[in-house]
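What follows is a short report on a single structure.
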Amino acid sequence: MDILRGFKDILPQEIKRWQKLEETARETLKLFGYKEMRTPLLEKTSLFSRGVGEATDIVEKEMYTFLDKGGESVTLRPEGTAGVVRAYINNHLENSPFRKFYYIGPMFRYERPQKGRLRQFHQIGVEAFGIQDSALDAEIVYIDKIMLDKLGLTDLRIEINNIGCPDCRPKYLKSLKSYFEKYKEKLCDDCKKRLNRNPLRILDCKNKTCKSIASNAPKIHEFVCDGCKTHYEAVKKNLIKIGIKFEENPHLVRGLDYYTKFVFEIITDKLGAQGTVSAGGRYDNLVEQLGGKPTPGIGFASGCERLIELMNYNEEQDIDYYFACMEDYTTCLKLAKELTDKSNKSVYVEYESRSLKSMMKKANKMNANFAVIYGENERKNGIVIVKDMKKSTQEEIKIEKFLENEVKRWQ
RNA sequence: GUGAGUAUAGCUCAGUUGGCAGAGCACCAGGUUGUGGCCCUGGGGGUCGUGGGUUCAAGUCCCACUACUCACCCCA
């Protein structure tokens, strides 16, 4: 029985990094008053087609969509924002004093897996509602950046761009299209298709010819409306003020339709082709689009697997007491149980009949601090042997004294 | 969906012009009859991805399929 393509088991040897990642995210977000939210993995398909955008790749070809037993079309969430917005509207959270949220959990996209890309992957996502001011944009970038700093990630760059709003972007797209139309014959096959579907994407093409044509293409800054322009300029000033370094990338495009005005990505070049570690931006029309009152929003999402790959790790095993029992497992269990009760130390009780030597080997591999030896001799004499694995010393303790002794040791 | 590469022990990988399937690590046991790490000795483990073909003989050559990896596309 094989695991599905693009799905992955996360094993104990890797789990410490996951826990550290989640812990760091929760701590950081708590500092800024963000509250955790958990929304369903499964939603109505229409939430995503309306939220993410009918014409996006995600909706067109990457969703895990099926009919449930009631005949309703449902979809495993391909991203987190749509679900949070739905929950925000459904639960009337506009009346809550807290309108800043985060989530951590799996997302699903039916894509061909490669380095840094899986069909089930995890995101830490952050969403904030109801604030139009550009200071919030800066806060969002700051939180993202500081979280990555706390994880010990280096060599990251932040790229930002202004992608306009539904008022001004169409004008830009139109001009872009007519510009590329002139060079249509020279563009690569992919870009010929993009010309009608999404001319913004041509700006991002890696083909040399397309690149040089794109370098002279009209710039969005010449087309954005006053509102978008003012906002974007203000975000830049705010970022500078709070000491966030960034680069402007006029070719930065987001793949989801709901983004407006300010967008950003945090990128590494250590991950191969999928170097975007975090990305986000403003979505001032999404709440309304999904049936809520007009409410501005902004957020970002980080790819957990990508972050984890960048985290340097020293995963140590951590067992405090390895109980090497040769008989009477129940007595060992009782000792171990009492020890955890009174001391909070971790124990591992060996119930498998093995040689003492093999048990000591195992204790060593588990990096146990102490081995408690209990066999025939100990039982007869009413003692246990407590061996300090680090110092290689051991002593015999009366079994009634064991608990008291060990509790004292850690005080 | 497209392209390229890879597939041999639990893991990482050798395997020459086609000629008895190997190493390191891991695991188990012994050396030390009840004591880990270092060392020494031994052991268990393989439909050589699957199916066909060529050949006296295929891990090796040919074909098909499948899986994985990377890249495109796209994205966290």
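Letters go in sequence order (proteins before strands), and every chain restarts at 1.
- Residue A:K61 is the one, among A:K61 and A:E265, whose nearest nucleotide of RNA chain B lies closer to the 5' end (criterion: closest heavy atom).
- A straight line from OH of A:Y110 to P of B:C74 spans 19 Å, rounded to a whole angstrom.
- Residues that satisfy the salt bridge (charged side-chain N to carboxylate O under 4.0 Å, His left out) test with A:K245, not counting sequence neighbours, are absent from this structure.
- Taking the P atom of each, B:C74 and B:C13 are spaced 32 Å apart, rounded to whole Å.
- Under the ring-ring contact (aromatic ring centres under 6.0 Å, His included) criterion, A:Y88 pairs with A:F129, sequence neighbours left out.
- Partners of A:R379 according to the salt bridge (charged side-chain N to carboxylate O under 4.0 Å, His left out) rule, which considers only residues two or more places apart in sequence or in another chain, are A:E327.
- Rounded to the nearest 0.5 angstrom, A:F98 CZ and A:M37 CE are separated by 12.5 Å.
- A salt bridge is absent between A:K342 and A:E404; no separation between the charged side-chain nitrogens and carboxylate oxygens falls under 4.0 Å.
- If you check every strand for non-hydrogen atoms under 4.0 Å, A:E62 touches sugar and phosphate atoms only.
- Environment of NZ in A:K219: crowded, with over 12 heavy atoms of neighbouring residues, nucleotides or ligands closer than 6.0 Å.
- The CD1-C1' distance, from A:I58 to B:C73, rounds to 13 Å in whole Å.
- The nearest whole Å value for the distance from the CD atom in A:E350 to the C1' atom in B:G34 is 15 Å.
- Taking the P atom of each, B:G46 and B:U50 are spaced 14 Å apart, rounded to whole Å.
- Taking the ring centre of A:Y110 as origin, the terminal cationic atom of A:R119 falls inside the region bounded by 6.0 Å and 45° from the ring axis.
- Rounded to a whole Å, the CG atom of A:L256 is 13 Å from the P atom of B:C74.
- Residues that satisfy the side-chain contact (heavy atoms from CB on, under 4.5 Å) test with A:D388, not counting sequence neighbours, are A:F370, A:K390, A:K391, A:T393.
- Spacing between B:G59 and B:A7 at atom C1', rounded to whole Å, works out to 11 Å.
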Base versus backbone protein contacts along nucleotides 35-41 of chain B [heavy-atom cut-off under 4.0 Å; B, S, -]: BBB----
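- Residues passing the salt bridge (charged side-chain N to carboxylate O under 4.0 Å, His left out) test with A:R99: none are found, sequence neighbours excluded.
- When the P atom of B:G34 is taken as reference, atom CE of A:M359 falls 11 Å away, rounded to whole Å.
- Using a 4.0 Å cut-off, some side-chain N or O of A:R254 falls inside it from OP1 or OP2 of B:A76.
- Nucleotides B:U47 and B:G31 have their C1' atoms positioned 37 Å apart, rounded to a whole Å.
- For the salt bridge (charged side-chain N to carboxylate O under 4.0 Å, His left out) test, no residue two or more places apart in sequence or in another chain qualifies with A:K229.
- The stretch residues 161-173 of chain A participates, sequence neighbours left out, in no side chain to side chain donor-acceptor pair (under 3.5 Å) pair at all.
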Dot-bracket line, read 5' to 3' along RNA chain B, where crossing pairs take [ ] and | marks a partner on another strand, Watson-Crick or G-U under 3.5 Å: (((((((..((((.....[..)))).(((((.......))))).....(((((..]....))))))))))))....
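- Atom CD of A:E60 and atom P of B:C73 are 16 Å apart (whole Å).
- Between A:Y321 and A:T340 the shortest side-chain heavy-atom distance does not fall below 4.5 Å.
- Judged by distance alone, with hydrogens and angles left aside, the side-chain atoms of A:Y179 form a donor-acceptor pair with the main-chain N or O of A:I213 at under 3.5 Å.
- Looking at A:L286 and A:Y259, their side chains never come closer than 4.5 Å, going by heavy atoms from C-beta outward.
- Of the residues in residues 300-311 of chain A, those placing a heavy atom less than 4.0 Å from an atom of RNA chain B are A:A301, A:G303, A:R306, in numerical order.
- Nucleotides B:G15 and B:C39, compared at atom P, are 28 Å apart to the nearest Å.
- Here the separation of B:G49 from B:A9, taken at their P atoms, is 8 Å to the nearest Å.
- Scanning for ring-ring contact (aromatic ring centres under 6.0 Å, His included) contacts around A:Y283 gives A:Y258, with sequence neighbours left out.
- In the set B:A76, B:A29, B:C74, the nucleotide with an atom closest to the side chain of A:S355 is B:A29.
- The interatomic distance linking A:Q13 (CD) with B:A26 (P) rounds to 15 Å, in whole Å.
- With both ends at atom C1', the span from B:C61 to B:U54 equals 8 Å, rounded to whole Å.
- For the atom pair A:S343 OG and A:Q411 CD, the distance stands at 10.0 Å (nearest 0.5 Å).
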Nucleotides 66-69 of chain B: which of its N/O atoms have a protein N/O under 3.5 Å away?
residue	atom	partner	partner atom	Å
B:C68	OP2	A:R5	NE	2.6
B:C68	OP2	A:R5	NH2	2.7

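- Along RNA chain B, the nucleotide nearest to A:L271 and the one nearest to A:I266 differ in position, and the one closer to the 5' end is contacted by A:L271.
- Atom pair A:R109:CZ and B:C73:C1' shows a separation of 14 Å (rounding to whole Å applied).
- Using a 4.0 Å heavy-atom criterion, one finds that A:G125 contacts no nucleic acid atom at all.
- B:C62 and B:G19 have their P atoms separated by 15 Å, given to the nearest Å.
- Evaluation of atom-type donor-acceptor distances gives no pair under 3.5 Å for the side chain of A:R354 against the base of B:C28.
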